[in-house]
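Model, not experiment: these values are computed from the prediction. The analysis underlying the following values was restricted to heavy atoms, covering all of them including side chains, and did not include hydrogens, waters or symmetry mates. Proteins come first, then strands; the chains are lettered A, B, ... in the order of their sequence lines, and each starts at number 1.
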There are 2 protein chains.
Amino acid sequence: MPPRSYVSPARSAAAAETRERVIEAASRTLREGESIARFSLDTVAKAAGVTRLTVYNQFGSRRGLLEAVFDEIARHGGLHQLADAMAMADPCAALDRMVEIFCSFWSRDSAVGRLHDAMATDPEFAEAVSERNERRRRAVTALIDRIAGKTASPQARKDAVDLIFALTSYPTFASLSAGRSRDEVCRVVQGACHAALAPLINPSSPRNG
Amino acid sequence: MPPRSYVSPARSAAAAETRERVIEAASRTLREGESIARFSLDTVAKAAGVTRLTVYNQFGSRRGLLEAVFDEIARHGGLHQLADAMAMADPCAALDRMVEIFCSFWSRDSAVGRLHDAMATDPEFAEAVSERNERRRRAVTALIDRIAGKTASPQARKDAVDLIFALTSYPTFASLSAGRSRDEVCRVVQGACHAALAPLINPSSPRNG
DNA sequence: GATTGACTATACATTATGTATATCTAATTT
DNA sequence: AAATTAGATATACATAATGTATAGTCAATC
């Protein structure tokens, strides 16, 4: 006879609450630890007050947990403001706003730095994070298309997109953060992005002859 | 009685040869493996035809081996050309040349990428690599001091140095390398560096009011 | 009251770093 | 020639982490 299965509101709610508690414990562990090296499921499980096997039940693997933490941070990191920024009339002002939004995002939770570190040792996790970054690339591309003059070559557009994509990445943010506040980093990145735009608007002065 | 010790030319030569063989095997393993995750001393030892304990005898630890590989790559990576570049009369041309040199360096051996990945999981190794990068920072600082007009503020100089430091870093190179040849990346980075210089030469147009 | 879902307890397999001890071999010293 | 020494080896062990397997607990649902 086939097993009868059912959905339980109380059980699902409890499971969801457990899941949230584990994610919270994981991001706290990431924040407090001084490197991703010491981030173990054992530590997370103890911090969340559950068993290590519960973590596997909920997330399948270490990578699954890391992805869940990343998504949780992204959900509360203010990236939803990107839609408003993209709707602005002036694309240059929109770009400035985008830089602000991502500087806030990278600086909001130190766990994002640790998550980027985790990309180094787990190629599949790296791909998962890269896919999430593609949203930023699409936004940059859309703005460049609006900003660029009709005479701007496809190559110049591509260069500008990739350069601004790199300038708004986490590694650049982290590098510039040594000795700078979030707002100061934001200002420097905005300036660099403006400069990256110049050859698009005034193509009469190519940067290399 | 005190133990008598001696130095043996043949022994030292053999040891040095073994050391070289292990370093070669390690960098080959780094190049061929698809991530730093699978880089184990066991694999390296087998590839070099020695025992894992020999690796420990020579390098002390996994980190010691990675540092040795990094230094070996740096020794043959063309960074010695930096001295000639710094001696150029035109500091802007020197900067262009510096970008060239580092683009060559980052692209020369794919093992450097894996070594940068290793920084994520080993803070002390990260510090060791960062110290070696300080040479690049000093070179940039020296060039900026020569390029900047007398009216350029210390803040503007610092911003330019840190921005160019970030633009010539490995993460930026790796990011721009998607779909670009080494020379194309070099051209894009050079353009961005020129743009970063603008506020130093013509401070009448600050980038943020 | 029987069953099911989430969690637990315990054990095990695997892989990696790093340490300890004894042994082997060829180069060097006496 | 014999003793010694440096470098490499063989073997074993300690530790920690991921991931899997199996059985058991307990409350919610049928």
N-O pairing of B/Arg28 and B/Glu24 below 4.0 Å: yes
Under 4.0 Å protein heavy-atom contact, by nucleotide of nucleotides 6-11 of chain C - B base, S sugar-phosphate only: SBBBB-
Nucleotide C/dT21, atom P - distance to OH of B/Tyr56 in whole Å: 17 Å
Interatomic distance where CG belongs to A/Asp122 and P belongs to D/dT18 [whole Å]: 12 Å
Between P of D/dA16 and CZ of A/Phe39, the distance in whole Å: 18 Å
Pair A/Asp159 + B/Arg187, salt bridge at N-O below 4.0 Å: yes
Donor-acceptor contact below 3.5 Å, side chain B/Gln58 vs main chain B/Arg19: no
Spacing between B/Asp42 atom CG and D/dA10 atom P, to the nearest angstrom: 13 Å
Aromatic plane relationship, B/Phe102 with B/Trp106 - under 30° parallel, 30 to 60° tilted, over 60° perpendicular: tilted
Contacts of A/Asp71 that satisfy side-chain hydrogen bond (donor to acceptor under 3.5 Å, both in side chains) - sequence neighbours left out: A/Arg132
Distance, rounded to the nearest Å, where A/Arg62 contributes CZ and D/dT18 contributes P: 5 Å
Separation of atom CG in B/Leu41 from atom P in C/dT19, rounded to whole Å: 11 Å
Whole-Å distance separating the CZ atom of B/Phe125 from the P atom of C/dT17: 14 Å
Of the listed nucleotides D/dT29, C/dA27, D/dT18, the one nearest the side chain of B/Ala10: C/dA27
Salt bridge (charged side-chain N to carboxylate O under 4.0 Å, His left out) against A/Arg97, all qualifying residues, sequence neighbours excluded: A/Glu100
Atom-to-atom span, CD of B/Glu17 to C1' of D/dA6 - whole angstrom: 16 Å
